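Since the model is a prediction, treat every value here as computed from it, not as a measurement. Every chain is numbered from 1, with letters handed out A, B, ... down the list of sequences.
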Amino acid sequence: MLRPAYKSLVKASLLQKRLISSKGSKLYKPSPDSASTILLSEDPLVAASSSSSSATSGIINSNDFPLFNKNSQNTTNTTSSQWNNTSDLEFDPFNKSHASAITTMTRTRDVMQLWSLLEACLQSHLMKRAFSILESLYMVPEHKHRFIEDYNMYLNAFSKNEPTFPILKMNEKLTNDLETNFKDINYNDKTLAIMIHHALNFHSTTSSMLLIPTISAYLKMSVNSVREILSNLDILTVSDLNILVNDLKIISPSQLPNSVKPILESLALSSTPVNNIPNEDGSKKLEVKDGSSEERKVDVNHGSMKTASLDPLREVSLNGSTEVLPKDAEKLIAVDTIGMRVIRHTLLGLSLTAEQKEQISKFKFDANENILNMKPTQDDNSDTSINFFEIYNSLPTLKEKKAFESALNIFNQDRQKVLENRATEAARERWKHDFEEAKARGDISIEKNLNAKLWRWYNDMLPLVKEEIKHCKSSLSEKPTDKKGLTKVEINRLGYGPYLTLIDPGKMCVITILELLKLNSTGGVIEGMRTARAVISVGKAIEMEFRSEQVLKSESQTFRDVNKKSPEFKKLVQNAKSVFRSSQIEQSKILWPQNIRAQIGSVLISMLIHVAKVSVQGVDPITKAKVHGEAPAFAHGYQYHNGSKLGVLKIHKTLIHQLNGERLIASVQPQLLPMLVEPKSWINWRSGGYHYTQSTLLRTKDSPEQVAYLKAASENGDIDRVYDGLNVLGNTPWTVNRKVFDVVSQVWNKREGFLDIPGAQDEMVLPPAPPRNSDPSILRTWKLEVKTIANKFSSDRSNRCDTNYKLEIARAFLGEKLYFPHNLDFRGRAYPLSPHFNHLGNDMSRGLLIFWHGKKLGPSGLKWLKIHLSNLFGFDKLRLEDRVSFTESHLEDIKDSAENPLTGQGWWKTADKPWQALATCFELNEVMKMDNPEDFISHQPIHQDGTCNGLQHYAALGGDVEGATQVNLVPSDKPQDVYAHVARLVQKRLEIAAEKGDENAKILQDKITRKVVKQTVMTNVYGVTYVGATFQIAKQLSPIFDDRKESLDFSKYLTKHVFGAIRELFHSAHLIQDWLGESAKRISKSIRLDVDEKSFKNGNKPDFMSSVIWTTPLGLPIVQPYREESKKQVETNLQTVFISDPFAVNPVNARRQKAGLPPNFIHSLDASHMLLSAAECGEKGLDFASVHDSYWTHASDVDTMSVVLREQFIKLHEVDLVLRLKEEFGQRYKNYVKIGKLKRSTDLAQNIIKIRKDLSKKLGRNTTLADEIYFEKKRQELLNSPLVEDRNVGEKMVTTVSLFQDIKDLDALELENGGDEKSGMSVLLPLRLPEIPPKGDFDVTVLRGSQYFFS
Amino acid sequence: MSIPIPGIKDISKLKFFYGFKYLWNPTVYDKIFEKLDLTKTYKHPKELKVLDLYPGVGVQSAIFYNKYTPKQYSLIERRSSLYKFLQANFVDSPLQILKKDPYDWTTYSDLIDKDKVFVPEFQSPERINDSFLTVANVTGEGSEGLIMQWLSCIGNKNWLYRFGKMKMLLWMPSTTARKLLARPGAHSRSKCSVVREAFTETKLIAISDADELKGFDSKCLEEWDPILFSAADIWPTKGKPIALVEMDPADFDFDVENWDYVTRHLMILKRTPLSTVMDSLGHGGQEYFNSRITDKSLLKKCPIDLTNDEFVYLTKLFTEWPFKPDILMDFVDMYQTEHSG
DNA sequence: CCGCTAATTAGTGATATAAGTAATAGAAAATCT
DNA sequence: CGATTTTCTACCGACAATATCACTAATTAGTAT
């Protein structure tokens, strides 16, 4: 283990040397005879950790270990060396921290470019070009230790490309490559796997006699273990392994990777071997020591698969369903569906009504035929769709339900696969179908039918794309050297070309068309979209398609010979496949750079612009005659906004009108729809959620730092509990509430405004313009008016579009069982991955969703259902009994609402959250019909919301009794209403002020309601400023005062009082807020010692680079990503696009770091609380969902959940989290320094001056703070050196910073910013954090008894 | 009776100029007025009414008054330090000092229509109005927009331009002057140069930095022969150079709304030949204009090379386009306020 | 074949754009003298 | 180092200004030895 570490140290020191000499650093460079030579010792051990370019060790240092990890409190030395051993100079473009990244970023960019080139060349079988790319990659020094992977990729492609290449020749080539071309590179186990695969597959060219010794030799050559070789499932197919284990018996099954072991075991039992290789007798099983540890257990699809094993499928025989093996992976997909007769058979075996049975027998259980209800017909009850939910509900016994679910699951597994992979093709097929139908009816119908039109565009666009790809390929095959004489287009092509060749042109056309339709009316543009957004979206969609295609292809490849077997076997394969997929998704290392995405998008869009035409009508302004013609459907242009140009992609009006009346379900990115089966469990930071689409655990904001920390935590196993919680959220099955859907659908089709759904408007109606020569002020008023109308119009339209999407998705999932895969924002809060329609959406989305599973209300359930309704009406601050009686006093209204939602009194519409109220009314109405209401099977999620959850956490943190009481942490017979309380306090203040004769107070006195202060109290937790709060209050006050100016003045006055009242009431919370803010400020203004040269380029003014980082109680590392943003213009076909440069290393944005820490810290806590509760509820078998601080479960389970969430809250706050945070900060920012002021008169200051003078003499110039940092850095390195003599030298060293070591109360010496100018001087001070505010006596465990804590 | 001219000593006591700069050197003013030769336009200066916007320290106002003693000379200055300065320096003078904001449109409607403090005489647009002159100093870097708005008022014939062709003597940053006066093909040619060309007859009178001249068209400079003075003649001294421009409204006859749309959109891609740039005017623009433009050499030109006459020609074609876009205004809603309750 | 210089180009940074400071105004941080 | 000017303006999910020109660094071409 020491060897690589040492190596890297040498490299690091070399790198640093180069850095300093090449850039002409201002840093101190001692002459060789200077006394401080030792500081720049060439000793690698000294130089090592100092190097600003030593990759991960740069920022993820010893202190950065998550504190909640077991051994983290140990001596920093050991952890530090651990880091160096495991991650030294690791070259991974994602594993970059800001401070360290800069030197290698340019190289990273090059390597990424080379990778994609390589990938493209291999894909296009340009082996020679690929080889020369390999040679280039070999030249990148940081990349060498990863180089073998690229070589393997090449070798594998080579093997496929030259199937008849004899293994001996192959071996020769390998030897030659590694010994002459890439001398520094050693093969690894994957290389061996490729060789074995080659030997096996092309054994016709290898004599059988040779085969076994050859393979044995390769196995013996293993670098780590035989097991490691065999685990390369992307190389060795299942049939390869089968031969090795079952036929040749060269290896024992125990050495197989876990995921395929069962398959092979079952293959071994089967009588017919997959291959007919004779079993040679004398072949020994190779026994190789296997030191590798057990793989991390991967439990994918646990629930569904377990239940599936006891289903009746077992009894169904499947013989006779043999089909010809397809060679092509594409075709495999279609064949790879289960014999659907089996499912049908199973289903028909259940107790169903005759009608249901008929439905099922008619239904084609073919995933390709029935992806979802996406037919463009408006007919919801077409024969082809089945309401699975209804059938499921009608089944009488649990056992039958289970059986049904398991059969459905198998069907859905296939459908999910098709959904994620073939949706674009499905869309294309549909266009074609519609086109042909329309064609039969005549040309006019083609123009009228949107899909037919799209089919035309597709057909016109396809040849262009193909042509472009041809160009790309030819430019790929040319030597890259002869760039001369290339046009701009061609040069651009060199950039994006490699990527473009990777995807099927037809798919790209479909994706482009769909994306543009989807983006209609976004970005505040009236008839179109922003170009920047369009090009990037298309680029992203293409990339996503490529990803899933890759995963699918390699999956088919590996499992190609094992597709059709018995159902049990099928299940084994499905399991193995999902494990395989995880690893594949993980492996894809190339994320396309943003500029490439934009370029690809623009190329495709410009082609579409070129071909897509609509027929238009216009009036000739001269002859006034109607003119018909053809115009491009899309046009690229610009708009100005405040003098800034904005690229716009306009959609022709006729097309927009057509789109308004269409069902556009297909243009929702199919990869991101809700899932039909349980999401893949989260097992590491980039594997979980969708089956074929990669998503990351954390929504990072293009911040390599965040990724680096997350990755470290993930690999360390620190965040398993996070995964648990997230998996519970993902595994909650939902379905669409059909009753609510029907109501929404009716309303929608009327095209009128309803609740918060805006009505449909085809044309914008603007007031007539005043004459041009009117007074400028009149013209201005008119312009303003017009602008407001236009904005309203565009926001209404986009709102309606959004609602349309929600509805369409809901419609597609009617009667289906659906799941929402989740991931986290950077603070740890969970969000569904699927956009548009999910339970975090607006009231309508929530109203449309119910749990798939139903549970009997039981005794408490009914009560909670009633309470729920009351809450939805806004009466959530009443006693529970009163809420129940509220509902009971409206039974008639409920009945009317449920039975005549649109024609009746419409009581439900008066609720705060009408759609959810309606859903609840539907259930309650059914309940009332029952003889025994407790037997009612409820699907309605019941919410339990924290009252001002942020303040609850603050109160718990501060042990603040008063605050805790206000937010219901303390048991009470009735819930506290914070907002009302604050309003009362404000009122009191006003009364006092009014008595003193304050005019403002007199006027405002009686106008203070709960509503006026609510938003301000809420946002106060998020650190709203005085100005912001003023606006909020002004908005509330505006109906009272006519004059806006007046209203604002009053608001200003009132805000002061509201702030005062809040501060008074939640004093402790504010102290913590202030402490967090101050800490964040100091951290983001601190300097890391091994700071990069760049950040100190201007002598005494560094760029501050340290962001605030902490670890949540769940072990999730949180990095505040706020940095100064650097955006660059990127050239594309259409225009330049302004995007942030992912390779930039930017200083932190101290202001945002400061403003963000208090809310982010609290949110990280509430997220932890939620995930803990989710995991716990999951273990208790509850269905659980959440919207941050609102926890949802079945009515019958509310009591259980209540206990869980209280216990988890207590558990969370048992430790003093603030203290813990301070300790973590202390550790992490231990040796950081800040710039402060010191009294010149003190001894300390005089000593510093002396040191500076000495140094200045040596340098022959004035010293800078940078020089001081440099020496302190050296000192720290010496102190941390493994060599005793180094440490001794370090201890004797005196630097301006070391002087502070023995000083006790720095506070006395340091001048606050108010200090007088002459007596203070700027010095480097050690970073100190403010003292944490004292904790109060509140005992968090009392909330066990608080019934209104969450309610 | 002549009005005392504020000296640099008093002026330099003032610190805040809100980014505006003022020429204080009377000798330069003498040259300027000599060059302007205002009596040519204003045959009867005694009948002249002068509106002085942002007079600042009032040096120019005093000199002007002393030279021509017009019928009415009103200074509109709202910035309190400068207003106080003016009041202190012009006690008992015929100069009328009004504390109003020249930025605000209502200032003018109040002045003219409501309070009738300053009522210019309308004159038919056959010649320059010889009883009404506006003098303004809009040298603030951030106030360029105001000049542009005034320019568009010429096109609209509203604001002060409802009284006919009113001459304006306008101080502005030299960069603004360069933009406005740029001729076809010049680097700084932009939409506002076209606006100036379309609506006005404009001359550069004076400029505070000879170096700046290289940004102007040399032929024009020959004709204008502007007066050069130095940064030392300005207060505050620091900052960018300024220029004085004489701006007379001109005759024009075209559909301003369409013309505005065409120029605005074409000038975005000002280096793209017309043969391809027309698409940015709307769906199928290229095809339409390529078929309509008969002079193929025009198609090879870029928007930056076009004269206003050519823009007017393109506008004509545009208005005749059956499929021209029906929304000519830019509506981009960048800040949709988030709803919360 | 190598070294040198001229010439070209690729890359970066600066500036202008439109034209009522978006509905608004006072504190805090950054910059300059 | 204090005054002045600039920069904000509640968190997260979230989603973005662009054309052109001047200038510089880097690469290539060219030519002569």
query: How about Phe826(A) and His1163(A): are their ring centroids closer than 6.0 Å?
result: no

statement: Hits for side-chain hydrogen bond (donor to acceptor under 3.5 Å, both in side chains) against Arg597(A), two or more places apart or cross-chain, chain-then-number order -> Glu543(A), Gln594(A)

message: Determine whether a donor-acceptor pair (one donor, one acceptor, N or O, separation below 3.5 Å) exists between the side chain of Tyr1026(A) and the base of dG26(C).
response: no

query: Trp150(B) vs Trp159(B) aromatic rings, parallel, tilted or perpendicular, using cut-offs 30° and 60°?
result: parallel

Produce the list of close N/O pairs, under 3.5 Å, pairing protein atoms with atoms of nucleotides 28-30 of chain C; give distances to one decimal.
from    : atom 1 : to         : atom 2 : distance (Å)
dA30(C) : OP2    : Lys1085(A) : NZ     : 3.2

DNA chain D-proximal residues of residues 185-193 of chain B, any heavy atom under 4.0 Å: His187(B)

Partner residues of Asp330(B) under the side-chain hydrogen bond (donor to acceptor under 3.5 Å, both in side chains) criterion, sequence neighbours left out: Arg264(B)

field: Dot-bracket encoding of pairs in DNA chain D, which uses [ ] for pseudoknotted crossings and | for another strand, Watson-Crick or G-U under 3.5 angstrom
entry: .||||||||.......||||||||||||||...

task: Only counting residues at least two apart or in another chain, list the ones meeting ring pair (Phe, Tyr, Trp, His ring centres under 6.0 Å) with Tyr638(A).
output: His636(A)

message: Classify the ring geometry of His839(A) against His822(A): parallel below 30°, tilted from 30° to 60°, perpendicular beyond 60°.
response: tilted

message: Expressed as a whole number of angstroms, how long is the span from His1188(A):NE2 to dC11(D):C1'?
response: 11 Å

task: State whether Asp305(B) and Arg189(B) are salt-bridged, where the test is any N-O pair (Lys NZ or Arg NE/NH1/NH2 against Asp/Glu carboxylate O) under 4.0 Å.
output: no

- prompt: Can you tell me the Watson-Crick or wobble partner of dT21(C), both distances under 3.5 angstrom?
  reply: none

- request: Please confirm whether any donor atom in the side chain of Gln1129(A) sits under 3.5 Å from an acceptor in the base of dA19(D), or the reverse.
  value: yes

task: Give one of base, sugar-phosphate or nothing for Gln1135(A), where a contact means two heavy atoms less than 4.0 Å apart.
output: sugar-phosphate

- request: Give one of base, sugar-phosphate or nothing for Asn642(A), where a contact means two heavy atoms less than 4.0 Å apart.
  value: base

